[in-house]
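Below is one structure, written out as structure tokens; comments come after it.
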Amino acid sequence: MVAKLTRAERQFALILLGLMALCGLVMAAGANDDLFALHGGLILAVAVGLSFLVISGLDAPEPPPERLAEYYDAPSRVAIVLTMGWALFGLAVGDWVAWMLAYPHLTVDAAWASFGRIRPMHTTGVIFGFGGNALIATSFHVVQRTCRTRLAGQFSPWFVLLGYNLFCLLAVSGYPLGITQSKEYAEPEWYVDLWLCVVWVTYLVLYLRTLAQRREPHIYVANWYYLAFIVVVAMLHIVNNIAMPVAWNHSRAYSAFAGVQDAMTQWWYGHNAVAFFLTAGFLGMMYYYLPVRAQRPIFSYRMSIISFWGITFMYMWAGSHHLHYTALPHWVQTLGMTFSLVLLVPSWGSAANALLTLNGAWHRVRDDATLRFMMVAAIFYGLTTFEGSFMAIRAVNSLSHYTDWTIGHVHAGALGWVAFISFGALYSLTPALWGRQRMHSAWAVEAHFWLALAGTLIYVFSMWNSGVIQGLMWRTYDSGGTLAYSFIDTVVAMHPYYIARAVGGALFLAGAGIGAWNVWMTIRSPDTVSQPAGGDRPLTILAGE
Amino acid sequence: MPETGHALTLLFAKGFGLFYLLALSVGTLIYAFWPGSGKRFDHAAKSVLRGEDQP
Ligand code: HEM
Ligand code: HEM
């Protein structure tokens, strides 16, 4: 990785790492609270570790100038490994949380291991660690191939990738220590947020500059989705995290918002994090890898564009469906509900577009587990968005809110859609980037597919059952007009479903374990094919000939 | 005068919001169905298939 940089770039990397180490040192030494000092120490340690890496490669020969005529895939390769690492971590913690809900004693008697602290380790680990790295890996690959040009930076892709993973590390290490600003999916404190801002703006500039250098007249639709993901996440992140630190050397900060405004800002953020982090970026993935894998152009390019603008502009208004029956003005709730219903149109537009693309290639779907991952993803995407629109109706929400139904909806989207499309994309990408013809073991892909599907179905069905039972028990009155069940009755009724969910999660985790092994073996196994001459290169080289 | 703030927001959301989204939908549809764009879109849709690895 260091060998790909020029000497000057390596020196620049060292200067940045020096600054980072200094930052960590100042945080650790000048801290006003122990938690801040611990994070300072962590930053220092990461900077020192990376410096060793750079120093060890400092004297490597300069990379050949011809590399600039090739695609720049080294960052994507590292991102793939990180993706699988975060997947194992995030899913394992998730399954631990699941077992803990079934058997509350399955934890150690320490504050760090309490439910409230390891739950955000799960959500951050899977959404930002697993999902985010998958998005970075694929977005770098897709933007280069569809624009037929090399990434517009040598050093910045590394800055984005490693900087982003530092963000994830600081976030996940902060929760067990008790560092959180208590906003769901935006838990990290002010200094970690500021760092993500810097990384994200670099990502945006890198992406825009690469698009500007494209050799194709039209920007392929997958890039629109990736770009929407990058732009909107920047906007959401900045607004929702406006806060005033207690002091420059203290980990705690107070939000600029209060009361119902705070709730609205948080769920404008939270819902659009779902829309642009867990949806738009992964749609970009789908619009590239699914047609390529099926060897058929997308069914309707027009429909993909209409869906794009529909999703981009309507999701923005739907956040208030998270706040039905609250102090939020009634008309704002109605607005969110209406937009959620209309959202079904562009959502199904994309799901149908994907399935219609496969229509005529069903033999491929049958034979190729990788393509099957993507097909299942499209189905679950359709299912989850239908369910979401339904749950956004105020009367339905009065039953589903606070229950496991929401958790079922979340994981239909997270497992069935996000994880399935990611694994499908990774199984296409990994052999391509390491110059292999296919994954190390086709059998392992098949096994992963069935474990993941079984795990998802068990998870989702048990949560649907449990959620509806819970919701109904909470609203059942006896003839005297009082509640028929006490809260603990509903907890007892949940128990079997919680066990089922944890078993489903274990299957899903086992599948991902097999996947990680397969990716690793594909990387390690010797070259089976040599790259075709004049093969995978940007168009620049042809233009120059 | 918090009342005015609320009333203004309401007017903005129900007035401007409506027309801006209508305009946006019409704009998107015009862009997507503009007669000349069909060929460009076909080209784009097929462009990703030219053998993933061949420029
Ligand atoms: C092995 C697979 C998984 C298991 C066993 C699992 C388990 C859990 C559990 C037990 C909870 C807490 C539920 C509660 O508080 O009642 C949870 C929450 C959550 N998980 Fe997972 N999870 C898994 C995979 C994933 C993946 C892959 C994603 C995202 C890509 C994800 C995203 C979330 C989110 C967003 C929440 C918070 C939901 C909410 O607050 O409504 N999970 N998960
Ligand atoms: C048209 C699309 C969608 C609509 C209208 C929608 C609507 C909803 C609604 C009404 C809730 C429950 C809010 C509550 O009662 O608290 C919810 C929760 C949630 N949805 Fe969706 N959804 C959609 C698609 C998706 C997708 C594709 C995902 C992908 C993973 C997803 C992830 C989530 C998450 C993580 C939550 C839990 C938020 C929390 O309380 O922590 N949704 N959604």
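For clarity, every value in this text was computed on a predicted model and none was experimentally measured. Every chain is numbered from 1 and lettered A, B, ... according to where its sequence line falls, protein lines coming before strand lines.
Closest non-hydrogen pair, B:Thr28 versus A:Ile305, comes out as CG2-O, 4.4 Å. Nearest heavy atom pair, residue B:Ala44 against residue A:His218, reads CB-CD2, 3.4 Å. Nearest heavy atoms, B:Leu49 versus A:Pro297: CD1-N, 3.2 Å. Among all heavy-atom pairs drawn from A:Arg148 and B:Ser47, the shortest one is NH2-O, 2.8 Å.
Here the straight-line distance linking atom CG of B:Asp42 with atom CD1 of A:Ile298 works out to 13.0 Å at 0.5 Å rounding. Residue A:Tyr301 holds its OH atom at 12.5 Å from NZ of B:Lys46, rounded to the nearest 0.5 Å. From A:Arg302, atom CZ reaches atom OH of B:Tyr31 across 10.5 Å, with rounding to the nearest 0.5 Å. A:Ser304 OG to B:Phe41 CZ: the interatomic distance, rounded to the nearest 0.5 Å, is 8.0 Å.
Side-chain atoms of A:Trp331 and B:Leu10, non-hydrogen and from C-beta on, do get closer than 4.5 Å to each other.
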Next item on the list: Please assess B:Leu21 against A:Phe339 for the test side-chain contact (heavy atoms from CB on, under 4.5 Å), listing each intermediate value before the final yes or no.
Entry: CA-CA 11 Å; B:Leu21 282 163; A:Phe339 272 96; 3.2 Å; yes
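Counting heavy-atom pairs under 4.5 Å between each of A:Val221, A:Val332, A:Ile306 and chain B puts A:Ile306 at the top. Counting heavy-atom pairs closer than 4.5 Å to chain B, the top-ranked of the candidates A:Phe308, A:Trp309, A:Tyr220 is A:Tyr220.
Taking the six-membered ring for Trp and thresholds of 30 and 60 degrees, B:Tyr20 and A:Trp317 have ring planes inclined between 30 and 60 degrees apart.
Residue A:Phe299: no heavy atom, backbone or side chain, is found under 4.5 Å from chain B.
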